**Student:** 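Mind looking over this structure? Questions follow.
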Amino acid sequence: MDQTHASSPLAGAVHDLATEVVLALRSGDHLATVCGAAGIDEENRTGIAAARVIGGDLLLPSVLYGRHPHPGDVAVLDRAVREFPPKPDAPAATAWSHWHMISTLQRIAPPPPGTSVSGYEEPDAAWLEEAPWQSFTHQLSVLAPLAVPAAPSAVRRAAADRAVDLSRGFVRAVRRRDWLQAAGAGRWLAAIGGEPATLGLERGLDFVELMGGHDPRVTLHVRAARLMAEARTR
């Protein structure tokens, strides 16, 4: 673990997992193990907590390339779902992240009989409809793992309905040098389209990666955005 990027073991594990997701996105390997490369298995408590932070993006290479995920990565994400369920008073973003982890597992890597994850109802997203554009962008950037193809949700519909607000938020995040928020907002825009042509999203994402690429989560979102944008133009 590279401690120069980590202020705690959990932060280091998150950094390592995000880095391995980026490497898998770049290589396109259908059975490249994200968790194994980061030295994490389903018995590693810190690693499981880090997987909870990464969320459904743990299986993002398989989602975007349409290939089978590594069984070890599926096991870690499944364990994260079971070990860290949202509390009744958890923030809406936490509930949505949990829902997305479950839906990702059920969509591309259903567990074998006897180990399936129980169903989890889609949380409410009405709070997004009236949120000011600044907080809307912040919340959407937190939920950037939901910005993937063929994954309908109330959050995705809210994003599609407010692409202009999200574009304003992207610009604001860049100006504030909040590279992680900018990358998350840019990923949503690449997933849903509808941004003003004057935004210059492609060049904006290049700049975000250049300035914030020391954080692999920024690179992860930017790489995901590029892959989705390329798929849209084919």
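For this chain, numbers begin at 1 and follow the sequence in order. None of these values were measured; they are calculated from a predicted model. In what follows, every heavy atom counts, from backbone to side chain, and hydrogens, waters and symmetry copies are set aside.
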**Student:** Does S167 use its side chain to pair, donor to acceptor, with the backbone of A163 at less than 3.5 Å?
**Tutor:** yes

**Student:** Do you know which two heavy atoms are closest between V218 and G212, and how far apart they sit?
**Tutor:** CB-O, 3.5 Å

**Student:** For V174 versus A182, what's the shortest heavy-atom pair and its separation?
**Tutor:** CG2-CB, 3.9 Å

**Student:** Could you tell me whether the side chain of F170 reaches within less than 4.5 Å of the side chain of T137, counting heavy atoms only?
**Tutor:** no

**Student:** Salt bridge (charged side-chain N to carboxylate O under 4.0 Å, His left out): which pairs involve residues 150-162, sequence neighbours left out?
**Tutor:** E122-R157, R162-D165

**Student:** Using the salt bridge (charged side-chain N to carboxylate O under 4.0 Å, His left out) rule, collect all pairs that involve residues 187-206, keeping only residues at least two apart or in two chains.
**Tutor:** D57-R187, D206-R226

**Student:** Grab the two heavy atoms, one from L143 and one from W96, that are nearest each other, plus how far apart they are.
**Tutor:** CD2-CB, 3.7 Å

**Student:** Please check: side-chain N/O of D73 versus main-chain N/O of V34, any donor-acceptor pairing under 3.5 Å?
**Tutor:** yes

**Student:** Is a side-chain donor or acceptor of D78 paired with a backbone partner of V81 at a separation under 3.5 angstrom?
**Tutor:** no

**Student:** With sequence neighbours excluded, tell me which residues meet ring-ring contact (aromatic ring centres under 6.0 Å, His included) with H98.
**Tutor:** Y120

**Student:** Keeping to residues at least two apart or across chains, list the salt bridge (charged side-chain N to carboxylate O under 4.0 Å, His left out) pairs with something in residues 137-146.
**Tutor:** none

**Student:** Testing the basics here: between A51 and L17, what is the closest heavy-atom pair and its distance to 0.1 Å?
**Tutor:** N-CD1, 3.6 Å

**Student:** Report yes or no: does S97 contribute a side-chain atom to a donor-acceptor pair with the main-chain N or O of T94 at less than 3.5 Å?
**Tutor:** no

**Student:** Can you give me the closest heavy-atom contact between V171 and L199, atom names plus distance?
**Tutor:** CG2-CD1, 3.5 Å

**Student:** Quick one, R223 and L64 - any side-chain contact, counting heavy atoms below 4.5 Å?
**Tutor:** no

**Student:** Could you name each residue pair satisfying salt bridge (charged side-chain N to carboxylate O under 4.0 Å, His left out) that touches residues 43-53, not counting sequence neighbours?
**Tutor:** E43-R79, R45-E83

**Student:** Strictly by ring pair (Phe, Tyr, Trp, His ring centres under 6.0 Å), give each pair with a member in residues 176-210 just once, sequence neighbours left out.
**Tutor:** W179-F207

**Student:** Would you say L205 and E209 make side-chain contact, with heavy atoms under 4.5 Å?
**Tutor:** no

**Student:** Do E20 and D16 have side chains that approach each other closer than 4.5 Å (heavy atoms only, starting at C-beta)?
**Tutor:** no

